[in-house]
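Only one structure is covered here, and it is reproduced in the block below.
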Amino acid sequence: MNAIDTAIRAAAASITVKGLTKAYDAQTVVIPPMDVELKAGEFTVVLGPSGCGKSTLLQMIAGLERVSGGKILIGAREVQDLEPKHRGCAMVFQNYALYPHMTVFENMAYSLKVAGMQKAERTERVAAVAKMLGLADYLQRKPGQLSGGQRQRVAIGRAIVREPGVLLFDEPLSNLDAQLRHDMRVELADLHRRIGATTVFVTHDQVEAMTLADRILILNKGRIEQFDTPKAIYHHPASVFVAKFIGAPPMNILSVTGDGSALRLADGQVVANAPLTGAYQLGLRPEDIVVDGKADGHAVKAKLRFREDLGSHSVLAADLGGSIVRIATPFGAEIADQLELHLNFPTSRLHLFDAATGRAIPGAFGAQ
Amino acid sequence: MTSESTLFSNRWLPALLVAPFMLLIVLFFYVPIFQAFYWSFFLEQPFGGGSMFVGLDNFARVLSDREFWQAGWRTILFMVTGSSLAVLVPLILAVAADRKIRLSLPARNVLVWPKGVAGASIGVVFAFVFNPFVGILAPLNQAFPGIWAPGIDGTDAFITLIAAHVWGGIPFNFVILLAGLQSIPRTMHQAAAMDGAGPWRRIFDVQLPLIMPQLFLTLVLEFTESVTSAFALIDTITHGGPGGATTLLVYKIYKDGFSGYDLSGASTQTAILMVFVILLTAAQFVFLGRRINYER
Ligand SMILES: Nc1ncnc2c1ncn2[C@@H]1O[C@H](COP(=O)(O)OP(=O)(O)OP(=O)(O)O)[C@@H](O)[C@H]1O
Ligand SMILES: [Mg+2]
């Protein structure tokens with residue numbers, strides 16, 4: 001651990017958002033009032049579909065976009081009216097946004113130069129960061145002479161060289177190919193473990209979210225759907241939106257009706273016993289469905305439509321009372337090529353959602 | 001490259017396509033140039049009647065002429081101040097237009113109009129605009145009599161000339177520079193803002209370095225153009241006066257050749273001017289062009 005690491009760890013600040021809103025005009029309210037608190041040193045991934053306001057939120061924290069209302073606190077300081085440079089945030093952009101006319105060294109040293117730091121100290125700081133990111137051999141190159149991964153590292157170096165209290169990333173990996181993306185993800189996780197900066201990372205890639213995040217903030221049209229650990233989000237999705245957004249393939253959602261003692265599908269098959277009446281949405285992850293086996297739940301019949309073999313497992317798509325259900329078979333399981341499947345829905349794995357609001361109804365099938 | 005070879009699989013088609021243009025260039029550019037060089041070694045009789053090879057005599061005569069050197073220095077002065085201002089003023093306008101993108105649409109149109117105005121017309125307009133009695137500076141003359149007198153004062157006349165030249169140069173340079181500024185990605189500004197650079201600092205650290213190719217282009221074109229385009233302005237506004245204060249080399253060549261009937265002297269000066277412009281442009285490419293980073 002060197003000086004940069006400890007300095008950033010010490011500077012790491014919490015981010016508190018109070019009643020924050022953003023509207024471009026009366027019709028386009030991008031972010032309705034939002035309240036959230038990101039702890040100091042925490043790695044938060046902001047996840048959501050395209051256009052849900054992730055970048056807008058990030059840019060408001062950074063100071064690149066004006067807030068329409070509410071407060072942003074970094075540490076104990078109110079920053080919503082401050083210039084970006086007074087907020088102690090650094091940012092990594094999707095297209096890197098490196099200065100093409102400056103060398104790698106100059107790119108990384110620029111913020112220090114603007115801040116009026118002496119040349120000797122600048123050189124020392126940049127050298128330390130370059131060493132940490134494996135860029136020491138490239139300091140005299142221009143960004144145009146670097147590969148995509150190297151450019152991304154320079155962009156990260158430029159951000160952390162200032163020892164910011166808050167590190168902001170806007171889809172930093174989406175311009176990289178799959179292999180590099182994976183490598184950079186591992187590197188980013190490692191970097192965060194070492195420097196411990198409060199990090200906000202915007203993505204619409206759920207794998208990045210699941211692997212990097214301490215907590216995931218899921219946005220839907222500017223509203224927070226759920227803010228929790230990856231594990232909790234996966235196992236206890238707070239809404240149908242979250243359930244469908246996380247997991248590949250995503251959770252199956254079936255419309256069911258309660259008759260007071262059991263939940264029935266549209267075709268009348270019983271999927272679970274529960275003293276419920278009315279319309280509900282029932283969720284079940286593809287990997288929790290048991291095919292042709294014994295389990296603690298009800299068995300239903302479905303017609304196989306097609307299957308995809310992915311090597312490690314297969315994904316089956318079956319027609320269940322008119323809606324498609326996806327089933328992920330366990331590793332190595334042989335499923336006979338048959339048209340009629342007997343599916344078992346383990347009651348302990350079922351998720352129940354309100355049909356009207358889409359919010360989860362916890363504890364509907366006993367303890368979960 | 002395959003695309004080129006497939007596009008022009010016919011060997012003669014490319015030649016045929018450029019032929020009309022080449023013909024024009026040869027006829028109206030290379031032939032006169034060659035003739036100017038050729039004539040500069042001959043003594044031409046003013047009213048016809050044969051010419052006589054005199055070697056470098058013409059050059060000796062021209063180079064020992066004090067008026068030639070004065071016109072030469074004026075040309076350089078005009079070139080340096082006129083071209084720098086003709087790039088600087090549009091640059092300032094372009095930076096401003098780039099900031100306030102809403103105003104830039106009308107500005108872009110309004111500022112481009114002068115492009116459609118011929119040099120001579122610009123001259124006539126400016127002769128009126130800077131007229132000491134009815135022009136925009138007339139009130140100044142009323143307050144301080146004699147302070148603005150382009151008809152008598154050589155400096156005032158020179159300023160008028162430069163103002164007209166700069167005004168005529170705004171449209172093209174403005175468009176080129178604004179296009180350069182607009183092609184700088186938004187995130188580049190954001191990154192610089194995150195790095196702590198304010199708007200002023202960003203102009204010098206980010207915007208100007210990134211539009212170097214455009215700046216270089218406008219500067220090279222301005223330098224070469226200012227040598228010749230001044231003619232229309234001088235001919236309409238000052239006629240080289242007062243007292244020869246605005247007689248640049250182009251105008252002197254014209255006067256010597258067509259009023260003084262010193263065809264050999266005019267040819268010689270043309271040759272010298274041409275060599276000067278060529279050397280200057282070459283120097284710009286050698287010393288400036290190489291340092292420019294065209295990568296984005
Ligand atoms: N200048 C603007 N004027 C009006 N609406 C805007 C403006 N900028 C963004 N928006 C709208 O704000 C919404 C959120 O945009 P934002 O860029 O934050 O989305 P995002 O979640 O980052 O999406 P992506 O994943 O595609 O990057 C979008 O619906 C967009 O159309
Ligand atoms: Mg975005």
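This structure is a prediction, so every number in the text was calculated from the model and none was measured.
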message = Does anything in residues 108-131 of chain A form a ring-ring contact (aromatic ring centres under 6.0 Å, His included)? List the pairs, not counting sequence neighbours.
response =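 Output for this query lists A:Tyr99-A:Tyr110.
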
message = I want to check something: taking the side chain as every heavy atom from C-beta on, are B:Asp205 and A:Lys113 in contact at a cut-off of under 4.5 Å?
response =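 Sidechains of A:Lys113 and B:Asp205: no contact.
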
query = Is there side-chain contact between A:Thr103 and A:Glu106, with heavy atoms separated by less than 4.5 Å?
reply =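 When only atoms from C-beta onward are counted, A:Glu106 and A:Thr103 do touch, with a gap below 4.5 Å.
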
Under 4.5 Å from a heavy atom of chain B, the part of [X] involved:
X	answer
A:Leu112	neither
A:Ala62	both
A:Gln59	side chain

query = Who in residues 74-86 of chain A is close to chain B, using a strict under-4.5 Å heavy-atom cut-off?
reply =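 Counting heavy atoms that sit under 4.5 Å from chain B, the residues of residues 74-86 of chain A involved are A:Pro84, A:Lys85.
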
request  = Anything under 30° is parallel, anything over 60° is perpendicular, the rest tilted; go ahead and classify B:Phe158 against B:Phe78.
outcome  = perpendicular

task = Check A:Tyr96, A:Phe201, A:Phe93 against A:Phe169 for a ring pair (Phe, Tyr, Trp, His ring centres under 6.0 Å) and give me the one that passes.
result =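 For A:Phe169, the ring pair (Phe, Tyr, Trp, His ring centres under 6.0 Å) check succeeds only for A:Phe201.
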
inquiry  = Does this structure show an ion pair linking A:Arg125 with A:Glu163, if we count only N-O contacts that are shorter than 4.0 Å?
reply    =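 Judged by the 4.0 Å cut-off on N to carboxylate O distance, A:Arg125 and A:Glu163 do form a salt bridge.
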
request  = Determine whether more than 12 heavy atoms belonging to other residues, nucleotides or ligands lie under 6.0 Å from atom CZ of B:Arg201.
outcome  = yes

